[in-house]
Amino acid sequence: MIPYLARVLVKAVVTLFAIMTVTFIATRFSGNPIDTFLGEGLTTEGRQALIDYFQLDQSLWQQYLAFLRGALSGEFGLSFVDRRPVTEVVAERLWPSAQLLLASIGLTIAISLPLGVLAAVYRKSWIGSAVMVVAFAGYAVPAFVLAIGMILIFSYWLDWLPVVGSSTALHFIMPTIAMSGVLVAALTRFTRNAMLDVLGQDFIRTARAKGLGEMRVVLRHGLGNAAITVISVIGLQIAGLAAAGSVVIESIFSWPGIGQLLVNAAIIRDYPVLQFGVIAVAFAVVAINALTDIAYALADPRIRLGQN
Amino acid sequence: MANLTDAILPRPSNRTGNDRNIIQKAAILLAVLLAVAAIFAPLLTPFDSLEQSLLSRLRPPLGFERHAPGHLLGTDELGRDVLSRALYGLRLTLALAFAGAVLGLLLGGLLGLVAGLRRGWVEDLVMALVDMQIAIPFTLVALLVLAVMGSSLTVLVLVLGIAGWEQYARIVRGEVRRIAAQPFLEAARTAGSGPLYTACYHVLPNLISPLVVQFTLALSNIVILESTLSFLGLGVQPPQPSLGSMVGLGRDYMPTAPWIVLTPALLILLLTFTVQILGDWLRDHTDVRLRDR
């Protein structure tokens with residue numbers, strides 16, 4: 001277990017380090033760091049303090065070291081717009097994003113697990129085909145097209161749902177559905193394939209042979225064993241997909257989360273916010289991936305003991 | 001990790017042979033139509049995609065009240081012909097997607113080939129990069145890069161190319177390792193074939209069919225990424241039309257002039273569905289392992 005844990009942690013740290021380096025290089029590529037990292041509207045002392053802290057007048061290498069040192073102590077610079085530490089700006093957006101994310105993942109699981117199981121059990125009949133067509137469509141429809149279509153129908157034509165804001169339960173409906181589209185496609189497919197693998201195993205035949213009902217065989221023995229792989233895919237794939245999706249969905253519905261913040265920062269070129277936002281989201285995804293890897297290993301001795 | 005990614009990739013469904021045939025033929029026909037429309041857009045479009053006509057702004061498509069003659073699908077907020085813009089947008093979207101997909105294929109294919117042939121630390125390094133690419137939510141990196149480097153078409157193609165390279169790298173490396181274990185490669189080596197010759201004449205031909213499948217599937221993802229970035233205002237810049245940016249800019253007029261948004265949005269759907277069906281079909285034809293499912 002210890003070597004496995006070490007490998008997972010090293011991988012996570014290296015990935016984070018790579019992301020920080022990429023964002024550093026990307027923001028320093030665009031020209032003079034004093035312009036791209038400080039922006040307008042600072043006092044002379046404040047300006048000098050930032051230049052000294054991040055060593056912006058030094059060589060690129062020293063800037064990089066100063067950036068890493070700042071990152072370790074939680075200093076990522078000030079937002080161009082509201083002249084506050086970017087960590088504060090991003091932190092405020094955390095909860096709305098998390099709400100939308102949790103709602104979407106909840107909806108995705110509620111739809112995908114039953115659909116995936118159905119598609120596996122009835123894979124030779126029209127039910128299986130119908131489910132796979134839905135999953136297929138989910139991949140082909142971009143989230144923003146889905147969102148725009150829903151807004152057009154449910155907000156402008158039928159006038160049932162509000163377009164912008166996040167205050168009431170009604171506000172959650174469209175963003176949650178729009179964000180879940182591609183997640184449902186991914187998770188349904190995955191659940192189906194995991195179920196197909198499990199349902200072909202010998203112990204399923206044994207379960208049937210000892211006279212268990214079909215329901216119990218499929219749900220208890222089938223889904224029970226497929227669950228480990230399904231949960232791991234939620235951690236490994238769905239987290240990343242959702243992070244990307246939130247950028248689009250939040251900016252369409254003016255959802256006050258990190259995704260909208262990042263798109264706005266990209267459009268008005270607020271580099272410090274953009275840089276820290278990307279690092280923060282990447283950190284979340286990498287952390288979820290690492291936790292999933294560890295949970296997966298705890299559940300599966302073959303991985304834990306390094307035989308796979 | 002590798003198994004997980006494989007398992008959520010599209011798998012063929014079990015429609016009866018006839019149904020599938022019809023859908024596939026329709027998809028091929030549509031693909032040809034879309035390609036022709038994109039390639040010959042300058043000849044097919046009744047108007048210039050940038051030509052404004054402020055006297056006939058926000059006119060609805062043919063068959064509605066206040067329709068402006070000649071503008072089949074209506075006009076936008078500056079009086080530009082929606083159909084012409086959509087066809088030019090399709091052209092640009094497809095061109096960008098192809099350029100991006102080819103770049104990804106070259107980049108990923110080369111890295112995968114090197115990883116599979118050289119093994120050792122080179123392979124470890126490439127696979128570590130692949131893992132990293134999978135772990136990073138790429139849309140965010142794309143935002144950062146486009147904001148920093150500006151949304152020129154060159155930068156956009158680079159971003160779209162880097163978006164999917166890791167899939168090619170994984171496929172090529174896997175195939176190369178499989179092929180490397182085959183007797184004919186041993187024979188070629190014994191006959192004095194050098195590494196480069198082996199790669200080009202013995203390994204590459206075996207890679208073509210999995211790569212064609214991956215290319216087609218990736219194309220649809222790249223179309224979605226490009227449209228999304230342009231929709232957000234970070235991809236193709238106005239006044240140049242792309243399908244995504246037309247939807248993004250038309251949003252403000254949705255309550256009164258939905259056709260501005262509907263035309264490009266439906267074209268995007270047509271494009272992604274067509275390409276996905278083609279990719280699925282190619283996969284069915286080339287991947288024996290999936291036939292039973």
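Note on naming: letters A, B, ... go to the chains in the order of the sequence lines (proteins, then strands), and numbering restarts at 1 for each one.
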Between A:Val145 and chain B, with a heavy-atom cut-off of 4.5 Å, which part of the residue counts as in contact: side chain, backbone, both or neither?
side chain
Separation of B:Leu243 CG from B:Leu87 CG (nearest 0.5 Å):
9.0 Å
Rounded distance [0.5 Å steps], CG in B:Leu249 versus CD1 in B:Ile260
10.0 Å
Quick one: of A:Val22, A:Asp270, A:Ile252, who has the most non-hydrogen atom pairs under 4.5 Å with chain B?
A:Ile252
Report yes if the side chains of B:Leu278 and B:Trp281 come closer than 4.5 Å at any heavy-atom pair, otherwise no.
yes
B:Phe138, CZ atom: more than 12 neighbouring heavy atoms under 6.0 Å:
yes
B:Met132 side chain near A:Phe17 side chain, heavy-atom distance below 4.5 Å
no
What I want to check is whether the side chains of B:Ser220 and B:Gln276 have a donor and an acceptor closer together than 3.5 Å.
yes
Okay, A:Ser155 and chain B: the region with an atom under 4.5 Å from a heavy atom over there is neither
Less than 4.5 Å to any heavy atom of chain A: does that hold for the side chain of B:Phe231, its backbone, both, or neither?
side chain
Examine whether an atom of A:Ile151 lies under 4.5 Å from a heavy atom of chain B, and if so say whether it belongs to the side chain, the backbone or both; otherwise answer neither.
side chain
Residue selection (most heavy-atom pairs with chain A, distance under 4.5 Å) from B:Ser227, B:Gly233, B:Pro264
B:Ser227
Go through B:Ser230 and B:Ser245 one step at a time and tell me if the side chain to side chain donor-acceptor pair (under 3.5 Å) criterion holds.
CA-CA 5 Å; B:Ser230 296; B:Ser245 71; 5.5 Å; no
Cut-off 4.5 Å, heavy atoms of chain A, and the answer for B:Leu143 is both
Parallel, tilted or perpendicular: which one describes the rings of A:Phe76 and A:Phe67, with boundaries at 30° and 60°?
perpendicular
From CG (B:Leu158) to CE (B:Met149), nearest 0.5 Å:
7.0 Å
Can you tell me which of B:Leu144, B:Thr139, B:Thr272 forms the most heavy-atom pairs within a distance under 4.5 Å of chain A?
B:Leu144
Answer with side chain, backbone, both or neither: which region of B:Leu232 has an atom nearer than 4.5 Å to a non-hydrogen atom of chain A?
both
Output the option from A:Trp157, A:Tyr156, A:Phe144, A:Trp126 having the highest count of non-hydrogen pairs under 4.5 Å with chain B.
A:Phe144
Honestly, the part of A:Ala119 sitting under 4.5 Å from a heavy atom of chain B is neither
So which residue, A:Leu152, A:Val248, A:Val14, A:Ile288, ends up with the most heavy-atom pairs under 4.5 Å with chain B?
A:Leu152
Please determine, among B:Thr228, B:Leu262, B:Val145, the option with the most heavy-atom pairs under 4.5 Å with chain A.
B:Thr228
Heavy-atom contact with chain B under 4.5 Å, split by part of A:Val131:
neither
With only heavy atoms counted, which part of A:Val263 is less than 4.5 Å from chain B, the side chain, the backbone, both or neither?
both
Would you indicate whether the side-chain heavy atoms of B:Leu140 and A:Leu274 approach each other to under 4.5 Å?
no
